[in-house]
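Beneath this line is the structure, given in structure tokens, with notes to follow.
FYI, side chains are in, hydrogens and waters are out, and symmetry mates aren't considered; it's all heavy atoms of this structure. By convention in this document, chain letters (A, B, ...) are assigned in the order of the sequence lines, proteins followed by strands, and residues within each chain are numbered from 1.
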Amino acid sequence: MPELPEVETTRLGILPHVTTKRFKHIEIRQHQLRWPVPAELPDLLSNATLHEITRRGKYLLFNTEAGTMLLHLGMSGNLRITQADCTVGKHDHIDFVFDDGTVLRFNDQRRFGAVLWTTAPDTHPLLAELGPEPLSADFNVTYLYKRLNNRQVPLKSAIMDAKIVVGVGNIYANEALFHAGLNPNRAAGTLSEQECLVLIDSIQSVLRQAIQQGGTTLRDFLNAQGKPGYFQQSLSVYGRQGLACPVCSEPVRHVKIGQRASYYCPRCQS
DNA sequence: CTACGAACCTGCCTGC
DNA sequence: TGCAGGCAGGTTCGTA
């Protein structure tokens, strides 16, 4: 489900309901996520004040004076604001209950998500090696051209590599490459500086637009209020195999790249 | 170091 | 109708 726009939509949605509040208690119904949820998490969090929620790539960082909870939504995770008396659903794995009764509920059907604890987020193994934020000034031509240099992997795999740039998942990688007019199968190292510039522009505008539209809902993404996103209406190639390219009407092609579904226009993307 | 496949888990859709 | 197989928005890990 969630790529950067969905994670950011979630962050912005829950932020006003929980920051500056105090964790009262934490109910863990399912410890078995991507990694086991630390058994001591309730003790660590209870009575701590949630100062802010930040984001690094697709990780949400819940910062308290006691330490930081790292939360990843995986493929199917979502966070919702609810009330203590609200019916618990099948995959509602964790409730974070605040002192005023507000409940932040983590639901994750496939359990690829993660909830971890750290007192040193900057050096945490999951975060330390991450590439720059795609919407930051650090993601620029000089950087990208250098990082792609000599790489033989398909361009699409490269932009989905979190060590190169964070937050670009399968949907937006397909969309960004289409808007950049670049073939997803091209060896990453063959891009010119000019093409890197166009690619950066495309990635940024696709992500910005998706955030603005509340993310993409294909089957199950819901924001903190339980509402879907609308960016799926703006998808040019993703999931549109055989349908006309919005620019030249050539049928959109569907191939596998690095085991991931990939879509592109054979005429527009070279 | 790079590249690739498998693994984690559930549910839905397709085709036999 | 039933069931096996494939597929899904992510990421780490092991192996060549």
Quiz item: If you look at every strand shown and take non-hydrogen atoms under 4.0 Å, does Phe231(A) touch a base, only sugar-phosphate, or nothing?
Solution: nothing

Exercise. Check DNA chain C for consecutive Watson-Crick or G-U pairs with both distances under 3.5 Å and list the runs of at least three as stems.
Key: B:2-8 with C:10-16, B:10-16 with C:2-8

Practice problem: Step through the shown structure and confirm whether more than 12 heavy atoms of other residues, nucleotides or ligands are within 6.0 Å of CG on Asp100(A). | Solution: yes

Practice problem: List in chain and number order the residues that pass salt bridge (charged side-chain N to carboxylate O under 4.0 Å, His left out) with Lys227(A), two or more places apart in sequence or in another chain; answer none if no residue qualifies. | Solution: none

Practice problem: Would you mind reading off the distance between Met75(A) atom CE and dT11(C) atom P, rounded to a whole angstrom? | Solution: 10 Å

Exercise. With sequence neighbours excluded, give me every salt bridge (charged side-chain N to carboxylate O under 4.0 Å, His left out) pair touching residues 127-139 of chain A.
Key: Arg55(A)-Glu133(A), Arg56(A)-Glu133(A)

Quiz item: Any side-chain N or O of His72(A) less than 4.0 Å from the OP1 or OP2 oxygen of dG10(C)?
Solution: no

Quiz item: Hey, what do you get for CG (Leu130(A)) to NZ (Lys58(A)), rounding to the nearest 0.5 Å?
Solution: 10.5 Å

Quiz prompt | Salt bridge flag under 4.0 Å for residues Lys24(A) and Asp99(A) | solution = no

Exercise. Could you tell me the separation between the CZ atom of Arg260(A) and the P atom of dG6(C), rounded to a whole number of Å?
Key: 18 Å

Quiz item: Leu127(A) has an atom CG; how far is it from atom C1' of dT12(C), in whole Å?
Solution: 14 Å

Quiz item: Say you pick atom P in dA6(B) and the same atom in dG6(C); how far apart are they, in whole Å?
Solution: 12 Å

Quiz item: Between Asn170(A) and Lys156(A), is any side-chain donor less than 3.5 angstrom from a side-chain acceptor?
Solution: yes

Self-check item: Within residues 150-164 of chain A: residues closer than 4.0 Å to DNA chain B (heavy atoms)
Solution: Arg151(A), Gln152(A), Val153(A)

Self-check item: d(CD, Gln241(A); C1', dT14(B)) in whole Å
Solution: 14 Å

Practice problem: Using atom CD of Glu8(A) as one end and atom C1' of dG9(C) as the other, report the distance to the nearest whole Å. | Solution: 17 Å

Side-chain donor-acceptor pairs of residues 115-128 of chain A under 3.5 Å, sequence neighbours excluded:
residue: Thr118(A); atom: OG1; partner: Ala120(A); partner atom: N; Å: 2.9
residue: Thr123(A); atom: OG1; partner: Ala120(A); partner atom: O; Å: 3.3
residue: His124(A); atom: ND1; partner: Leu126(A); partner atom: N; Å: 3.0

Exercise. Could you verify whether a donor N or O on one side chain and an acceptor N or O on the other, from Ser236(A) and Tyr263(A), lie under 3.5 Å apart?
Key: no

Practice problem: Can you tell me the distance, in whole Å, between the CG atom of Asn174(A) and the P atom of dG10(C)? | Solution: 10 Å

Quiz item: Is the closest side-chain donor-acceptor distance between Ser76(A) and Asp108(A) under 3.5 Å?
Solution: yes

Practice problem: Take nucleotides 5-11 of chain B nucleotide by nucleotide from the 5' end and write B, S or -, depending on whether a protein heavy atom sits under 4.0 Å from the base, only from the sugar-phosphate, or from neither. | Solution: BB-BBBS

Practice problem: Please state how far atom OH in Tyr172(A) lies from atom P in dG9(C), giving the value in whole angstrom units. | Solution: 12 Å

Exercise. For dT11(C), take OP1 and OP2 only and decide whether either is under 4.0 Å from a side-chain N or O of Tyr59(A).
Key: no

Quiz item: Can you find a side-chain donor-acceptor pair between Asn63(A) and Thr68(A) that sits under 3.5 Å?
Solution: yes

Quiz item: Checking Thr142(A) side chain against Asn140(A) main chain: does a donor-acceptor pair fall under 3.5 Å?
Solution: no

Self-check item: Between Phe98(A) and Phe23(A), ring centroids under 6.0 Å
Solution: yes

Exercise. Between dA7(B) and dG5(C), how far apart are the P atoms? Round to whole Å, please.
Key: 15 Å

Self-check item: Whole-Å distance separating the CZ atom of Arg147(A) from the P atom of dC1(B)
Solution: 11 Å

